[in-house]
Amino acid sequence: MKIVSWNVNSLRVRVEHVSDWLKTNQPDLLCLQELKMPDSEFPSEVFTELGYHSAFTGQKTYNGVAILSKQPLENVVTDLPDFEDPMRRYIAGDYSLENGETLRIVNVYVPNGQALDSDKFIYKRAWFEKLRLAMRATLSENKNTVLVGDFNITPSDLDVHAPEKWAGKIHCSDIERLMLQKLMSEGLYDTYRHFNKEGDQFSWWDYRGAGYRANEGLRIDLVLSSSAMLDKATDSSIDETPRKLERPSDHTPAIAEYLV
DNA sequence: ATGCCCGAGAACCTCGGA
């Protein structure tokens, strides 16, 4: 089975890219971030025609997350537990595996944070700590758990095109990496890094300048597997194909594959 | 230089993104 995370930076603009990618790749679960649309505009019919169910929580202009799935999700939750927040950044549900077990899939759009000395960074830290506590509970109740999303944190310098340029900056600071490590120490593993040890592999490239052509990117879109799911993982990759299209998202799909 | 590009909303500029 294939689980994918993709920040589409406006689903309205990218719906054709997403549809084409679904047709070609047939993931079991496609987790989207930055829908940038209210629920009333979510294009469910488009995905229904392709054989996918949709669970989503959106808002005008900003944020918004969705999970497209071959089988319907159950017990869907659209609020980060114990955190009052109008920003739509969290969605989770149960997915039935072919082996009869259940997987808890969690899809997040972690706050950007803007700069370490900004109010937005205080919000990022608070949000992320609540995510850690929520994942502790999720992991205790579901041995099969996968947490995916746009984390807006690079796990290490191996995930940064120019570590010296980004040193200490937002997405690459020690404090954010410690936050991520603390979350992962609850029992989550970077599936991509488990299978790929080399650097210069990114999931986001700046629109500005020749960002993509020069491979000036960051790996901030992650698929984190629980121990039981890592045991089932067979591969993990990043598909740069959509980033080469006309009018692309600045992010591209991060993929993990499992044998269940 | 906190810019270069992009999307959304309201409006031909500002905000947010990363």
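We use all heavy atoms of the structure for the numbers below, so side chains are in, but hydrogens, waters and symmetry mates are not. Per chain, numbering begins at 1; letters A, B, ... match sequence-line order.
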- Query: Closest approach of Phe195(A) and Asp235(A), non-hydrogen atoms and distance?
  - Reply: CZ-N, 3.5 Å

- Item | Spacing of the P atoms in dA10(B) and dC15(B) (rounded, Å) | 15 Å

- Nearest-angstrom distance from the residue atom CZ of Phe121(A) to C1' of dG17(B): 16 Å

- Task: For atom CZ of Arg125(A), decide whether the heavy atoms of other residues, nucleotides or ligands shown that lie under 6.0 angstrom number more than 12.
- Result: no

- From CG of Asp150(A) across to P of dG17(B) the rounded distance in Å is 11 Å

- Query: Any donor and acceptor pair, going by atom type alone, linking the side chain of Gln26(A) with main-chain N or O of Leu22(A) inside 3.5 Å?
  - Reply: yes

- Query: 5'-most contact on DNA chain B: Leu11(A) or Ile220(A), nearest heavy atom basis?
  - Reply: Leu11(A)

- In whole angstrom, give the distance that lies between atom CD of Glu41(A) and atom P of dG7(B). 16 Å

- Note on the structure: So CG of Asp117(A) and CD1 of Ile122(A): to nearest 0.5 Å the spacing works out to 9.5 Å

- Query: Under 30°, 30 to 60°, or over 60°: which ring-plane class applies to Trp166(A) and His171(A), parallel, tilted or perpendicular?
  - Reply: tilted

- Query: Where does the angle between the aromatic ring planes of Tyr212(A) and Trp205(A) fall among parallel (under 30°), tilted (30 to 60°) and perpendicular (over 60°)?
  - Reply: perpendicular

- Message: Measure CZ/Arg14(A) against P/dA8(B) and give the value in whole Å, please.
- Response: 8 Å

- Query: Between residues 240-247 of chain A and DNA chain B, which residues have a heavy-atom gap below 4.0 Å?
  - Reply: Arg247(A)

- Look at all strands and tell whether Asn63(A) reaches a base, only sugar-phosphate, or nothing, counting heavy atoms closer than 4.0 Å. nothing

- Taking Arg104(A) for the side chain and Thr145(A) for the main chain, is one N or O donor matched with an acceptor at less than 3.5 Å? no

- Query: When every nucleotide of nucleotides 10-16 of chain B is labelled 5' to 3' by its protein contacts under 4.0 Å (heavy atoms), B for base, S for sugar-phosphate only, - for none, what sequence of letters results?
  - Reply: ------S

- Rounded to the Å, how far apart are His161(A) NE2 and dA18(B) P? 15 Å

- Message: Please check if the number of heavy atoms outside Leu259(A) that lie under 6.0 Å from its CG is greater than 12.
- Response: no

- Starting from P on dC4(B), measure out to CZ on Arg208(A) and report it in whole angstrom. 7 Å

- Query: Contact class for Tyr109(A) vs. all strands (heavy atom < 4.0 Å): base, sugar-phosphate, or nothing?
  - Reply: sugar-phosphate

- Pick the nucleotide of DNA chain B nearest each of Glu34(A) and Pro248(A); which residue has the one closer to the 5' end? Pro248(A)

- Query: So, is His251(A) near the phosphate of dA18(B), with a side-chain N or O under 4.0 Å from OP1 or OP2?
  - Reply: yes

- Identify whether any heavy atom of Asp221(A) sits under 4.0 Å from a base atom; if not, whether one sits that close to sugar-phosphate; answer base, sugar-phosphate or nothing. nothing

- Task: For dA18(B) and dC12(B), measure between their C1' atoms and round to the nearest Å.
- Result: 25 Å

- Message: In whole Å, measure the gap between the C1' atoms of dA11(B) and dA1(B) for me.
- Response: 27 Å

- Atom C1', compared across dG9(B) and dG3(B): separation rounded to whole Å: 23 Å

- Task: For Glu34(A) and Asn9(A), indicate whether the former's side chain and the latter's backbone hold a donor-acceptor pair under 3.5 Å.
- Result: no

- Taking all non-hydrogen atoms of both residues, which atom of Ser225(A) and which atom of Leu230(A) are closest, and how far apart? CB-N, 3.8 Å

- Calculate the interatomic distance between Lys169(A) atom NZ and dT2(B) atom P; express it in whole Å. 12 Å

- For the pair made of OH in Tyr207(A) and C1' in dG17(B), what is the distance, rounded to whole Å? 10 Å

